[in-house]
Participant: 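Can you keep this structure in mind? I'll have questions shortly.
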Amino acid sequence: MSNVRVRFAPSPTGPLHIGGVRTALYNYLFAKKNGGTFILRIEDTDQTRYVPEAEEYIIKSLEWFGIKPEEGPGIGGDFGPYRQSERKDLYGQYVTDLIEKGHAYYCFDTSAELTTWREKNEAQKIYGVKYNHATRMEMRNSLSLSKEETDRLLKEGENVTVRLKIPTGRNIEFEDAVRGAVSFNSDELDDKIILKGDGMPTYHLANIVDDHLMEITHVIRGEEWLPSTAHHVLMYEMFGWTAPSFSHLPLILKPVGSGKLSKRDGAKFGFPVFPLEWHDKEEDKTYQGFKEDGFLPEAVTNFLSLLGWNPGTDEEMFSLEELIKAFDPSRIVKSGAKFDIDKARWFNQQYIIAKPNTELVDLLLPIATEKGFDVSEDFMLKFADLMKERAEVIPDFFTAGGFFFEMPTEIDQKMAKKKYKLENRPHFDALIESMEGMQQFTSSSLESVVKSYIADNELSFGAIMPILRLGACGTMKGPDLFETMELLGKDTVVSRMKESIEIFSALKKAQNG
RNA sequence: GGCCCGUUCGUCUAGGGGUUAGGACGCCAGGUUUUCAUCCUGGUAGCAGGGGUUCAAAUCCCCUACGGGCUACCA
């Protein structure tokens, strides 16, 4: 029995984005690989940025991918509650502990004062001024103020925060499982706030306390946390706790340009950055998710797993189960990866092709119904089979295979003019007549009827086949013509052909003047 | 500005002293298919730059450049 315990700890400030999904995925894979436990913890300590729908969205998204937490809000577990807001009362004693040990101190500066202070410094071209060993005595806190003054201010109780007292002259070194040794000079670190004016802990405190209390053994999170890990390591030391192992994941970057992938990039580049649809109330805007854009969850996890990790072999098709077997955190890449939607689409196509037709129908039938097409499950089964190799995403079935449901209003006129010869009209009329007379309208009988007609009349395939396709489908692109016709059915094919031949003839006559 | 992390085809990556620097996506060409797609074959294209160390450097060291992250009473 392994005691590996990892957590995915998102902040419910909005929809989970694709980078978050990958972080969750790697945590999940690592836990499963080691027979450990994967925990979901909601870090909702920032009440100003809290978005009520976000938590449910996060849970639903993970569910869609098949990433199941064993402990978490709504799931339970022995280490709950799993929402930090519900753990609020628990953090106080740890703050007191740090203050008593002389590792933390009270501050009375208001945020407005701090802002003014920073601006004043910036005006003198001093950028990124820090609240630290060099400046703390100029500020209003329990270190710089007299005991009486401190007590008085504490009694008033307004604007009281608690900061970490970072020791000077320390070299803080820790081993990152992805990056190796990382070191910081403690003189460069700021005295981070650990308890806010509203009584809520900041990420830094809550995270360390909860990771300790929940017995987290491995912290796998985004690279944006690397700099503050120095603080975290120091805090473990101050508390006298053993720090977990740290792995900092490379960031997922924009496909072009620079910077990490953001919410707006989806709209900008025309691909989703969220798993599921998200309605942003503030902007009154709806963002499509991977699901709505017709991606399969298993394709997305496969693609995402390879963005910043590789198995060390040439293999790249991995189900979630196979990923668990293959996952090795030591093979996580150090540098950021640009999001490549083309590759994501390729993966999706591979998964569509491999997916059983019945499962495809589960996805396709509701869409067909929504579009107002009255079709049977059996029809959709055959449709899925014929179209699956032609779809990168689910909607492609309907854009590329729309003619299975209705004759396109826009037919490929250019091709019709090129391939249709007026003198062949009698042949098409004859072919339509033979089709009408067929008992069995199957692809094989259709094939023999058409092919023997072509042979008997010493015609070329090129003179007949394209027109048959165009006449029945309106487009040159599609699955095997005879199988397509079989699925379309005799009545549809015959009536479409009759109409089309008239149109083609008219087109040709107009062209000839 | 400061601190930290990074840099191999356009993109994702393998390769960690001796390799014709490998694979995948994309793109191009050919084959298969009466079309399209799938599939198959081939091609295209890369070690950021400069110094060291070494018989030998993509690989180890240093510098530079570039990219990224952090620098909030946000996570």
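Labels below follow one simple rule: chain letters A, B, ... track the order of the sequence lines, proteins then strands, and each chain is numbered from 1. Both backbone and side-chain heavy atoms feed into the values below; hydrogens, waters and symmetry mates do not.
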Participant: Heavy atoms under 4.0 Å, any strand shown: does Thr45(A) hit a base, just sugar-phosphate, or nothing?
Facilitator: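 Answer is sugar-phosphate: Thr45(A) comes under 4.0 Å of backbone atoms only.
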Participant: Do Tyr106(A) and Val160(A) touch side chain to side chain, with heavy atoms closer than 4.5 Å?
Facilitator: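 Answer yes - side chains close enough.
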Participant: Give the rounded distance in Å between these two atoms: CG of Leu253(A) and C1' of rU7(B).
Facilitator: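 For the pair Leu253(A) CG and rU7(B) C1', the rounded distance is 12 Å.
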Participant: Without decimals, in angstroms, what is the distance between Tyr127(A) OH and rU71(B) P?
Facilitator: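 Computing the Tyr127(A):OH to rU71(B):P distance gives 18 Å.
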Participant: Measure the shortest side-chain to side-chain distance between Leu468(A) and Met497(A) over non-hydrogen atoms and say whether it is less than 4.5 angstrom.
Facilitator: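 Result yes, sub-4.5 Å side-chain heavy-atom pair found.
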Participant: Report yes if a side-chain nitrogen or oxygen of Arg331(A) is closer than 4.0 Å to either non-bridging phosphate oxygen (OP1 or OP2) of rG16(B); otherwise report no.
Facilitator: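 No, Arg331(A) has no side-chain N/O under 4.0 Å of OP1/OP2 on rG16(B).
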Participant: For a quick check of understanding: with a heavy-atom distance under 4.0 Å over all strands, which category does Lys388(A) fall into, base, sugar-phosphate or nothing?
Facilitator: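 Result for Lys388(A) = nothing.
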Participant: Taking atom C1' of rU38(B) as reference, at what distance in whole Å does atom CG of Asp385(A) sit?
Facilitator: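 Distance, rounded to whole Å: 12 Å.
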Participant: Can you check the distance between rC70(B) and rU64(B), where both ends of the measurement are the P atom (answer in whole Å)?
Facilitator: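 About 24 Å, rounded to a whole number of Å.
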Participant: By nearest atom, which of the nucleotides rC36(B), rA75(B), rG69(B) is closest to the Pro227(A) side chain?
Facilitator: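 Closest of the options to the side chain of Pro227(A): rG69(B).
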Participant: Heavy-atom distance under 4.5 Å between the side chains of Glu483(A) and Asp385(A), does that happen here?
Facilitator: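 In short, these two side chains do not touch, never coming nearer than 4.5 Å.
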Participant: Rounding to an integer number of Å, can you tell me how far Leu205(A) CG sits from rC74(B) P?
Facilitator: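 Taking atom P of rC74(B) as the reference, CG of Leu205(A) is at 13 Å.
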Participant: Checking side-chain polar atoms at under 3.5 Å, does Tyr127(A) have a donor or acceptor matched by the opposite partner on Asn121(A)?
Facilitator: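 Short answer, no.
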Participant: Considering only rC12(B), rC73(B), rU71(B), which nucleotide approaches the side chain of Ser111(A) most closely?
Facilitator: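 From the listed options, rC73(B) comes nearest.
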Participant: How do Lys260(A) and His204(A) order along RNA chain B: which one's closest nucleotide is nearer the 5' end?
Facilitator: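 Final value for this comparison: Lys260(A).
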Participant: In whole angstrom, give me the gap between the C1' atoms of rC25(B) and rC9(B).
Facilitator: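 Here rC25(B) and rC9(B) have their C1' atoms 12 Å from each other.
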Participant: Could you check whether Asp480(A) gets within reach of a base, just the sugar-phosphate, or nothing at all, counting any heavy atom under 4.0 Å?
Facilitator: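 Base contact.
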Participant: When you get a sec, tell me which of rU13(B), rC73(B), rG6(B) is the closest nucleotide to the side chain of Leu114(A)?
Facilitator: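 Side chain of Leu114(A) sits closest to rC73(B).
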Participant: Which is true for Pro250(A) with a 4.0 Å heavy-atom rule: it touches a base, it touches only sugar-phosphate, or it touches nothing?
Facilitator: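 Nothing, no heavy atom under 4.0 Å.
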Participant: Rounded off to whole Å, could you give me the NZ-to-P distance for the Lys196(A) and rC74(B) pair?
Facilitator: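 Answer to the nearest Å: 4 Å.
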Participant: To the nearest angstrom, how far is Ile252(A) atom CD1 from rG6(B) atom P?
Facilitator: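 Answer to the nearest Å: 19 Å.
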Participant: Out of rA75(B), rC12(B), rC39(B), which nucleotide sits closest to the side chain of Gln350(A)?
Facilitator: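 In terms of side-chain proximity for Gln350(A), the closest of rA75(B), rC12(B), rC39(B) is rC39(B).
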Participant: With P as the reference atom in both, quote the distance from rC62(B) to rC4(B) in angstrom, rounded to an integer.
Facilitator: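 After rounding to an integer number of Å, I get 13 Å for this pair.
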Participant: Given the C1' atoms of rA37(B) and rA75(B), what is the spacing between them in whole Å?
Facilitator: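 My reading of the C1' atoms in rA37(B) and rA75(B) gives 45 Å.
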Participant: Ile332(A) or Pro479(A): which one's nearest nucleotide on RNA chain B is closer to the 5' end?
Facilitator: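 Comparing both residues, the 5'-ward one is Ile332(A).
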Participant: Do the ring planes of Phe397(A) and Phe383(A) sit parallel (below 30°), tilted (30 to 60°) or perpendicular (above 60°)?
Facilitator: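 Aromatic pair Phe397(A)/Phe383(A) classed tilted.
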Participant: Can you tell me how far C1' in rG49(B) sits from the matching atom in rA72(B), rounded to whole Å?
Facilitator: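 After rounding to an integer number of Å, I get 38 Å for this pair.
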Participant: Do we see a donor-acceptor contact under 3.5 Å between the side chains of Tyr105(A) and Asp191(A)?
Facilitator: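 The criterion, which ignores hydrogens and geometry beyond distance, is satisfied for Asp191(A) and Tyr105(A).
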Participant: Do Ile411(A) and Met407(A) have side chains that approach each other closer than 4.5 Å (heavy atoms only, starting at C-beta)?
Facilitator: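 SC-SC contact between Ile411(A) and Met407(A) confirmed.
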Participant: Taking the P atom in each of rG22(B) and rG43(B), what is the distance between them to the nearest angstrom?
Facilitator: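 Each nucleotide's P atom is 11 Å from the other's.
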Participant: With the threshold set at 4.0 Å, does a side-chain nitrogen-carboxylate oxygen contact exist between Glu86(A) and Lys88(A)?
Facilitator: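 The answer is no: the pair does not qualify as a salt bridge.
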Participant: Give me the distance, rounded to whole Å, that separates rC47(B) from rG16(B) when you measure between the C1' atoms they each carry.
Facilitator: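 Between the two C1' atoms, the distance is 13 Å.
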Participant: Does the structure show a Watson-Crick or G-U wobble partner for rC39(B), both distances under 3.5 Å? Name it, or say none.
Facilitator: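 Base partner found: rG31(B).
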Participant: Counting the atoms with a prime plus P, OP1 and OP2 as sugar-phosphate, which does Thr110(A) contact under 4.0 Å by heavy atoms, base, sugar-phosphate, or nothing?
Facilitator: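 Base, at least one base heavy atom under 4.0 Å.
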Participant: Could you tell me whether Arg345(A) sits above the aromatic face of Phe347(A), with NZ or CZ closer than 6.0 angstrom to the six-membered ring centre and within 45 degrees of the axis?
Facilitator: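 Here Arg345(A) fails the 6.0 Å and 45° test against Phe347(A).
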Participant: Counting the atoms with a prime plus P, OP1 and OP2 as sugar-phosphate, which does Arg221(A) contact under 4.0 Å by heavy atoms, base, sugar-phosphate, or nothing?
Facilitator: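 Answer is nothing: Arg221(A) stays at 4.0 Å or more from every strand.
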Participant: For a quick check of understanding: with a heavy-atom distance under 4.0 Å over all strands, which category does Gly308(A) fall into, base, sugar-phosphate or nothing?
Facilitator: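 The residue Gly308(A) makes sugar-phosphate contact but no base contact.
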Participant: With a 3.5 angstrom cut-off on both distances, give the Watson-Crick or G-U wobble partner of rG6(B), or none if there isn't one.
Facilitator: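 Because both required distances fall under 3.5 Å, rG6(B) counts as paired with rC66(B).
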Participant: Tell me what Gly128(A) touches on the nucleic acid: a base, only sugar-phosphate, or nothing, going by heavy atoms under 4.0 Å.
Facilitator: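 Here Gly128(A) touches the bases of the nucleic acid.
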Participant: Would the base of rC5(B) count as contacting Arg179(A) through its side chain, where contact means a donor and an acceptor less than 3.5 Å apart?
Facilitator: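 Such a pair does not exist between side chain and base.
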Participant: Does Arg118(A) make a side-chain N or O approach to OP1 or OP2 of rA72(B) shorter than 4.0 Å?
Facilitator: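 So the side-chain polar atoms of Arg118(A) do come within 4.0 Å of the phosphate oxygens OP1 or OP2 of rA72(B), strictly under.
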Participant: Contact class for Thr13(A) vs. all strands (heavy atom < 4.0 Å): base, sugar-phosphate, or nothing?
Facilitator: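 Thr13(A): no heavy atom of the nucleic acid under 4.0 Å.
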Participant: Students often get this wrong, so: under 4.0 angstrom with heavy atoms, is Asn207(A) touching a base, only sugar-phosphate, or nothing?
Facilitator: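 The answer is nothing, as Asn207(A) stays clear of every strand by at least 4.0 Å.
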Participant: So what does Phe482(A) hit on the nucleic acid, given a heavy-atom distance under 4.0 Å: a base, only sugar-phosphate, or nothing?
Facilitator: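 Base contact - Phe482(A) has a heavy atom under 4.0 Å of at least one base atom.
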Participant: Taking the side chain of Glu188(A) as its heavy atoms from C-beta onward, which of rC3(B), rU13(B), rC5(B) lies nearest to it?
Facilitator: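 Comparing rC3(B), rU13(B), rC5(B) against the side chain of Glu188(A), the answer is rC3(B).
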Participant: With rounding to whole Å, what would you report as the distance between rG52(B) and rG67(B) at their P atoms?
Facilitator: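 After rounding to an integer number of Å, I get 27 Å for this pair.
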Participant: Can you measure Ile454(A) atom CD1 to rU35(B) atom P for me and round it to whole angstrom units?
Facilitator: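 Checked: the CD1 to P distance equals 13 Å.
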Participant: Counting Watson-Crick and G-U wobble pairs only, both distances under 3.5 Å, name the nucleotide matched with rG1(B), or none.
Facilitator: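 Check on rG1(B): paired to rU71(B), both distances under 3.5 Å.
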Participant: Output the rounded distance in Å from CZ (Phe339(A)) to P (rU11(B)).
Facilitator: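 My rounded result for the distance is 16 Å.
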Participant: Hey, does Asp190(A) reach any base, or is it just sugar-phosphate, or nothing, if we go heavy atoms under 4.0 Å?
Facilitator: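 Nothing: the residue Asp190(A), judged by heavy atoms under 4.0 Å, touches no strand.
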Participant: With side chains defined as the heavy atoms from C-beta onward, is the minimum distance between Tyr203(A) and Asp46(A) less than 4.5 Å?
Facilitator: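 Side-chain contact under 4.5 Å: no.
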Participant: Between protein and nucleotides 20-29 of chain B, map the contacts as a letter string: B base, S sugar-phosphate only, - none, heavy atoms under 4.0 Å, written 5' to 3'.
Facilitator: ---SBSS---
Participant: Can you tell me which nucleotide in rG68(B), rA75(B), rU71(B) comes closest to the side chain of Glu223(A)?
Facilitator: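 Within the option list, the nearest is rG68(B).
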Participant: How are the rings of Tyr57(A) and Trp278(A) set to each other: parallel, tilted or perpendicular (split at 30° and 60°)?
Facilitator: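 Ring orientation of Tyr57(A) relative to Trp278(A): perpendicular.
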